[in-house]
Protein chains: 2
Amino acid sequence: MTETTATLSRSETTTSKIIDAAKTLFVARNYADVTTDMIAGAAGVTKGGLYHHFPSKESLYCSMMLDDFESKRQLFSQSVDMKGTARQRLARLTGDFLALPAEERQLAGLVRRDINVFTGEDRDRLVRAYQLALPKQIEAIISDGIADGELAPADPRLLSWWFVSLVEVAVSRYADETLGNPDKRLDHVLALFFEGAEAKPVPATPNGGIQ
Amino acid sequence: MTETTATLSRSETTTSKIIDAAKTLFVARNYADVTTDMIAGAAGVTKGGLYHHFPSKESLYCSMMLDDFESKRQLFSQSVDMKGTARQRLARLTGDFLALPAEERQLAGLVRRDINVFTGEDRDRLVRAYQLALPKQIEAIISDGIADGELAPADPRLLSWWFVSLVEVAVSRYADETLGNPDKRLDHVLALFFEGAEAKPVPATPNGGIQ
DNA sequence: TATGAAACATACCGGTCAGTCGGTATGTAA
DNA sequence: TTACATACCGACTGACCGGTATGTTTCATA
């Protein structure tokens, strides 16, 4: 009974404590500004203990990000597999993202910030995992939308990037301060993406278009 | 005749050589990963020479960014002062941005990446200069568009953020590789912002809507 | 052409930090 | 209780890097 389903071994417990501490610190400060001593301290171990579980600082960072991307990928894949219009599925996906705690949301943006730290193998893995977690899933929904005629024909890759950036702006610290209600925010993002910012002539109201 | 219009003094020449070298390096790697020795080497001077012109690494970085933002602000202000619809003016602004060399375009995105390095005075100056260079100018155009009824009523600050993110995606390395023609890209960006991604019923074609 | 200040080079210091290593504590199986 | 393995500690090091102190060159001006 050393390893049942919900029971974590001692090693797994401290490993996840270290990763949790690293998440908080790396979200708050740059890669270089977070020392291994800080991570170890926040996790309640010493640097020696940390290096017993991770061979290097970079590998710790990678493990952290890859774990996070994988869990996000699983979460968002539910929206991809869902039935419904592209708009409904994107609403579900965006809603899931907005519902995450702020720290988890910001993690997705760290790739852009810290990606230059890594080279070769590690860099490729990070980029690939990020794409699988977010852009690729959105792209799948958008491709369906284009095929169904719900969306105008366009390069789905570019549309997915644009949508991702929309969402990232909507969940940024600035938006948290400026826009109160996350639900309104979600509506706003979707409306902008689907309908654009242009003023529409109000078609069938009595006052037709006047104010 | 030590200081005429187009003649640079020796000090000014090396200062700008240092800043140019810093631009290239800081675009490619994180703030912490670029050493003062690297910058000096790339600029053809030594670290002592560099520190003759800049009191610290941070002040060098700030000078670099503030100079760049100021030149961008001047460039984009021409689009703000221009006559025409919001769409025409945004097209001009975006076109100017797309026409810049890739390195200059990417500089605008560095603030988001490296802003955590700075605190207090320096940080405020950087943020303010960036906002004056890009978001505030777009916001001015968008506010006009809303006032004229060209754009649907909305928070112009938020719209400008979204437009900036849209442009940043369009000028990213990914877009450079995927989409060939910058002019097509510009049309695409504007169409997305104004009209959205939704499929529009084609109003007056013979085959009305069928494929 | 003498001179002094600005422009640079060279060598060095102080501090930081990733990573190491010998040793200790905590289980665990025989 | 012995023997072994895994988990963890904490002091240490070696390299790196921002910044400085001091010496050397350049060059405009008198």
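Naming convention: chains lettered A, B, ... in sequence-line order (proteins, then strands); numbering from 1 in each chain.
- Remark: A:Lys57 qualifies as a cation-pi partner of A:Tyr31 under the 6.0 Å distance and 45° angle criteria applied to the six-membered ring.
- Pairs passing the side-chain hydrogen bond (donor to acceptor under 3.5 Å, both in side chains) check and including a residue from residues 89-98 of chain B, sequence neighbours excluded, read B:Gln78-B:Arg92, B:Arg89-B:Asp144, B:Arg92-B:Asp96.
- Residue A:Glu12 contributes atom CD, which lies 14 Å from atom C1' of D:dT6 at whole-angstrom precision.
- Counting distance only, with no hydrogens placed and no angle test, the side-chain atoms of A:Lys47 and the base atoms of D:dG10 include no donor-acceptor pair under 3.5 Å.
- One atom, CG of A:Leu50, and another, P of C:dC21, lie 17 Å apart when rounded to the nearest Å.
- The list of ring pair (Phe, Tyr, Trp, His ring centres under 6.0 Å) pairs with a residue in residues 126-148 of chain A, not counting sequence neighbours, reads A:Phe69-A:Tyr130.
- The nucleotide whose nearest atom lies closest to any side-chain atom of A:His52 is, among D:dG10, D:dA7, D:dG19, D:dA7.
- Rounded to whole Å, atom C1' of D:dA7 lies 14 Å from atom CZ of A:Phe54.
- Side-chain proximity of B:His53 to C:dG19, D:dC9, C:dC8: nearest is C:dC8.
- Looking at the side chain of A:Tyr51, the nearest of the listed nucleotides D:dC9, C:dT20, C:dT10 is C:dT20.
- Closest to the side chain of A:Val45, from the set C:dA18, D:dC9, C:dT10, is D:dC9.
- Remark: A:Thr14 is not in phosphate contact with D:dA7, judged by side-chain N or O atoms under 4.0 Å from OP1 or OP2.
- Checked for salt-bridge contact, A:Arg125 and A:Asp122 meet the test: a charged N lies under 4.0 Å from a carboxylate O.
- Listed by residue number, the members of residues 32-41 of chain B with any heavy atom below 4.0 angstrom from DNA chain D are B:Val34, B:Thr35, B:Thr36.
- Here the two rings, on A:Trp162 and B:His188, have centers that are 6.0 Å apart or farther.
- Between the CZ atom in B:Phe97 and the CG atom in B:Leu186 there is a gap of 12.5 Å [rounded to 0.5 Å].
- Rounded to whole Å, the distance from CZ on B:Arg29 to P on D:dC17 is 11 Å.
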